[in-house]
Amino acid sequence: MVDVADEKTPSYEQAREELTEVVRRLEAGGLTLEQSIELWERGERLAALCEEWLQGARVKLAAAMAQRRQPDPAGDAPF
């Protein structure tokens, strides 16, 4: 599993942008088989990274929603 908080790991937006470029280059054609395979593999890694970012966001959102649904025992929650 990739540590999405790692400084060397691209942000979701960076990974998505690079993935878009990989797809564009593959669709344009004109590459050797080796270049195409390299790009495909890079695209697969980027897609997996984007999915990890999205899954992390889903977990955080679910936790925030669950916390919001729980009554505050102190009674001082804004919601």
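As the structure is a computational prediction, the values presented were derived from the model and not from experiment.
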Legend entry - Shared hydrophobic cluster for Val22 and Trp40 (ILVMFWY, side-chain gaps under 4.5 Å): yes
Inset, instruction - State yes or no: do Leu46 and Tyr12 share one hydrophobic cluster built from I, L, V, M, F, W and Y residues joined by side-chain heavy-atom distances below 4.5 Å, directly or via other members? - result: no
Legend entry - Partners passing salt bridge (Lys or Arg N to Asp or Glu O under 4.0 Å) against Glu21 (at least two apart in sequence or in another chain): Arg24
Legend entry - Residues forming a salt bridge (Lys or Arg N to Asp or Glu O under 4.0 Å) with Arg42, sequence neighbours excluded: Glu18
Legend entry - side chain to side chain contact (heavy atoms under 4.5 Å, CB included) assessment of Glu13 paired with Arg16: CA-CA 5 Å; Glu13 291 79 7; Arg16 187 188 64 212; 4.3 Å; yes
[atom1]-[atom2] distance between [X] and [Y], expressed to the nearest 0.5 angstrom:
| X | Y | atom1 | atom2 | value |
| --- | --- | --- | --- | --- |
| Leu54 | Leu61 | CG | CG | 12.0 Å |
| Arg45 | Cys50 | CZ | SG | 13.0 Å |
| Gln35 | Leu26 | CD | CG | 10.5 Å |
| Glu41 | Glu38 | CD | CD | 7.5 Å |
| Arg58 | Met65 | CZ | CE | 13.5 Å |

Inset, instruction - Just jot down the side chain to side chain donor-acceptor pair (under 3.5 Å) partners of Glu17, sequence neighbours excluded, or say none. - result: none
Inset, instruction - For residues Leu31 and Ser36, report the shortest heavy-atom separation together with the two atoms involved. - result: CB-OG, 3.6 Å
Inset, instruction - Grab the two heavy atoms, one from Leu49 and one from Ala15, that are nearest each other, plus how far apart they are. - result: CD2-CB, 3.9 Å
